[in-house]
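Submitted below is the structure of interest, expressed as structure tokens.
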Amino acid sequence: MPALGTLSAGGAAAGVAGLLRLRRGPALASPLPAAARAGAVHDGAQLVWGRQLRPALVLPAGLLPLQASKRLTLRPPAASADPAGEAKSAGLLEKYPAITTGFFFFMWYFLNVIFNILNKKIYNYFPYPYFVSVIHLLVGVVYCLLSWAVGLPKRAPINGTLLKLLFPVALCHALGHVTSNVSFATVAVSFAHTIKALEPFFNAAATQFVLGQTVPLSLWLSLAPVVLGVSMASLTELSFSWKGFINAMISNISFTYRSIYSKKAMTDMDSTNVYAYISIIALVVCIPPALIIEGPQLMQYGLNDAIAKVGLTKFVSDLFLVGLFYHLYNQIATNTLERVAPLTHAVGNVLKRVFVIGFSIIIFGNKITTQTGIGTCVAIAGVAIYSYIKAKIEEEKRAKAA
């Protein structure tokens, strides 16, 4: 799961890297002084979450858990039983890293496109986004519980302190997820994603005015075409509605605050476990409003109408599959974006949005005006420029710190 949002500047999708201190092997014994490592947290106020996931945050040395060095490395049972086979597998991945990374990107895009298409098709005959949002999270939680049951991954322990840290993140994740779905149910998928292209603007504003960290002028200037493009697209969008527009904007704000809280809730827990716990908390948060807002309608006629239109089997299977695709694309997004450099990660997220918008227009045959099309292209180009500049700034700061 995109996802949490990328899950800055991105669902979901989308991710959990903003909460994590990701370390690989020798990184545990970093030769950098503690002050340098602690300073890495404030790297130009990059808010990391959702559909853009990356290991951008580093815990200060004094906060590293004592048991961090004992973290288990998970591997398939067969590989554990056969050291020679394990060595061969590692060698193959090291020999062809581009192919492996390319496969992760392909699966991320594929699952994301399928999720968006299937999600919109469900809303065409079952317009209850609060209930569907609960199903998304419920299927993901069941998936996580089953994974824990078989030990892949091993469930990380959690206590009251960690719950207090994760709850604000999960609350923002739940609000952003529900409002995104309300927008998707109300307007065309392509238009909803065009509005959500404004996420970088809200991230930059929060960085400057909430966190009090300076955003370079070049980043602010790169956001101008994003705002202009979204404005152009909104003025002539055929599916425009204030309900869809406002909910998409609330989603942007929610995911921005999710990024802020994730910076304060850094934990040494691995990404899969963090995403699982956040999904569980978000599910608990989403159930009451779904029951209050849509429960009476569902009981009176909503469920019966949907079953009458498509049949019970298709209705249940559609809800299950859309929940499964939602969870898997967020999880794959986490795994994908943790493998690549910031610049590659930035380009990947922009291309993902292009793929989703393009396929949604083709599949649903959405008619768009010339101005809407131009505005969408301008907004996406602005996001690409912003992502490129931000990634270059991050790389320069990492190079100086090294």
Side-chain angles (χ1 to χ4, degrees), residues 2 5 10-14 50-51 115-137 171-199 201-202 226-227 229-258 282 285-303 305-306 309 318-319 322 326 353 356-357 360-361 363-369 371-373 375-376 379:
R51 299 178 178 89
F115 163 74
N116 278 277
I117 291 174
L118 181 57
N119 203 42
K120 184 61 177 179
K121 286 185 174 181
I122 290 175
Y123 290 135
N124 288 339
Y125 69 84
F126 187 68
Y128 297 95
Y130 287 84
F131 180 80
V132 174
S133 298
V134 169
I135 296 298
H136 291 166
L137 295 169
L171 180 62
C172 293
H173 177 66
L175 180 59
H177 179 54
V178 170
T179 50
S180 290
N181 277 292
V182 172
S183 179
F184 289 142
T186 308
V187 300
V189 173
S190 57
F191 181 54
H193 275 278
T194 301
I195 301 172
K196 289 179 70 62
L198 282 171
E199 283 185 24
F201 174 82
F202 286 98
V226 180
V227 177
V230 173
S231 299
M232 289 177 60
S234 300
L235 288 174
T236 55
E237 169 59 37
L238 299 177
S239 69
F240 180 87
S241 79
W242 281 109
K243 180 180 179 181
F245 180 84
I246 292 173
N247 274 276
M249 295 295 281
I250 294 174
S251 174
N252 287 336
I253 297 172
S254 299
F255 288 142
T256 296
Y257 273 92
R258 181 180 64 179
V285 170
C286 286
I287 289 177
L291 292 176
I292 295 171
I293 297 173
E294 296 179 344
Q297 299 175 26
L298 289 174
M299 292 297 98
Q300 290 178 12
Y301 52 83
L303 293 173
D305 286 352
K309 291 177 182 177
D318 280 355
L319 290 177
V322 78
Y326 171 76
R353 196 175 296 280
V356 172
I357 291 175
S360 67
I361 292 175
I363 296 297
F364 296 107
N366 296 334
K367 295 181 180 180
I368 60 174
T369 65
Q371 182 173 321
T372 296
T376 300

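In this text, all values refer to a predicted model and were calculated from it rather than measured experimentally.
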key: Over all atoms of both residues, closest heavy-atom pair of Ser180 and Lys196   = OG-NZ, 3.3 Å
request  = Measure the CD1-OG1 distance between Ile361 and Thr376 for me, rounded to the nearest 0.5 Å.
outcome  = 6.5 Å
query = Would the number of heavy atoms belonging to other residues, nucleotides or ligands and lying under 6.0 Å from NZ of Lys243 be above 12?
reply = no
Between OG on residue Ser183 and NE2 on residue His193, distance to nearest 0.5 Å = 9.0 Å
note = Nearest heavy-atom approach of Val285 to Leu171 is CG1-CD1, 3.7 Å
Contact summary for Thr186 and Ser241, nearest pair of heavy atoms = CG2-OG, 2.9 Å
query = So, Gln297 side chain and Gly302 main chain: donor-acceptor pair closer than 3.5 Å or not?
reply = no
task = Report the C-alpha separation of Tyr130 and Val182 in whole Å, then their side-chain angles, then the decisive distance to 0.1 Å, and conclude whether the side chain to side chain contact (heavy atoms under 4.5 Å, CB included) test is met.
result = CA-CA 7 Å; Tyr130 287 84; Val182 172; 4.0 Å; yes
For Ala290 against Val134, the heavy-atom pair lying closest together = CB-CG2, 3.8 Å
inquiry  = Using side-chain heavy atoms (C-beta onward) and a distance below 4.5 Å, is Val227 in contact with Ser231?
reply    = yes
task = Classify the angle between the aromatic ring planes of Phe115 and His136 as parallel (below 30°), tilted (30 to 60°) or perpendicular (above 60°).
result = perpendicular
key: Leu137 and His177, any side-chain heavy atoms less than 4.5 Å apart   = yes
query = Where do Ala174 and Cys286 come nearest, in terms of heavy atoms and distance?
reply = CB-SG, 3.6 Å
Min side-chain heavy-atom separation Val187-Phe245 under 4.5 Å = no
remark   = So CE of Met249 and CD of Glu199: to nearest 0.5 Å the spacing works out to 10.5 Å
key: Between Phe126 and Phe131, ring centroids under 6.0 Å   = yes
ask   = Quick one: CG on Leu319 to CG on Leu118, what's the gap to the nearest 0.5 Å?
value = 8.5 Å
request  = Would you tell me whether Tyr326 and Asn181 have side-chain atoms, one donor and one acceptor, within less than 3.5 Å of each other?
outcome  = no
message = Are Val226 and Leu198 packed together at the side-chain level, in the sense that at least one heavy-atom pair is separated by less than 4.5 angstrom?
response = yes
request  = For residues Pro129 and Glu294, determine if any side-chain heavy atom of one lies less than 4.5 Å from a side-chain heavy atom of the other.
outcome  = yes
ask   = Can you tell me how far CD1 of Ile363 sits from CD1 of Ile117, rounded to the nearest 0.5 angstrom?
value = 4.5 Å
inquiry  = Does atom OH (Tyr128) have a neighbourhood of more than 12 heavy atoms from anything else shown, all under 6.0 Å?
reply    = yes
ask   = Quick one: does Phe184's side chain get under 4.5 Å of Asn116's, heavy atoms only?
value = yes
query = Sequence neighbours excluded, which residues qualify as side-chain hydrogen bond (donor to acceptor under 3.5 Å, both in side chains) partners of Thr369?
reply = Thr236, Thr372
ask   = In chain order, what residues pass the side chain to side chain contact (heavy atoms under 4.5 Å, CB included) check against Thr179, with sequence neighbours excluded?
value = Leu175, Asn247, Ile250, Ser251
query = So do Leu238 and Phe191 actually touch side chain to side chain, heavy atoms under 4.5 Å?
reply = no
Heavy-atom pair of closest approach, residues Ile195 and Val230 = CA-CG1, 4.2 Å
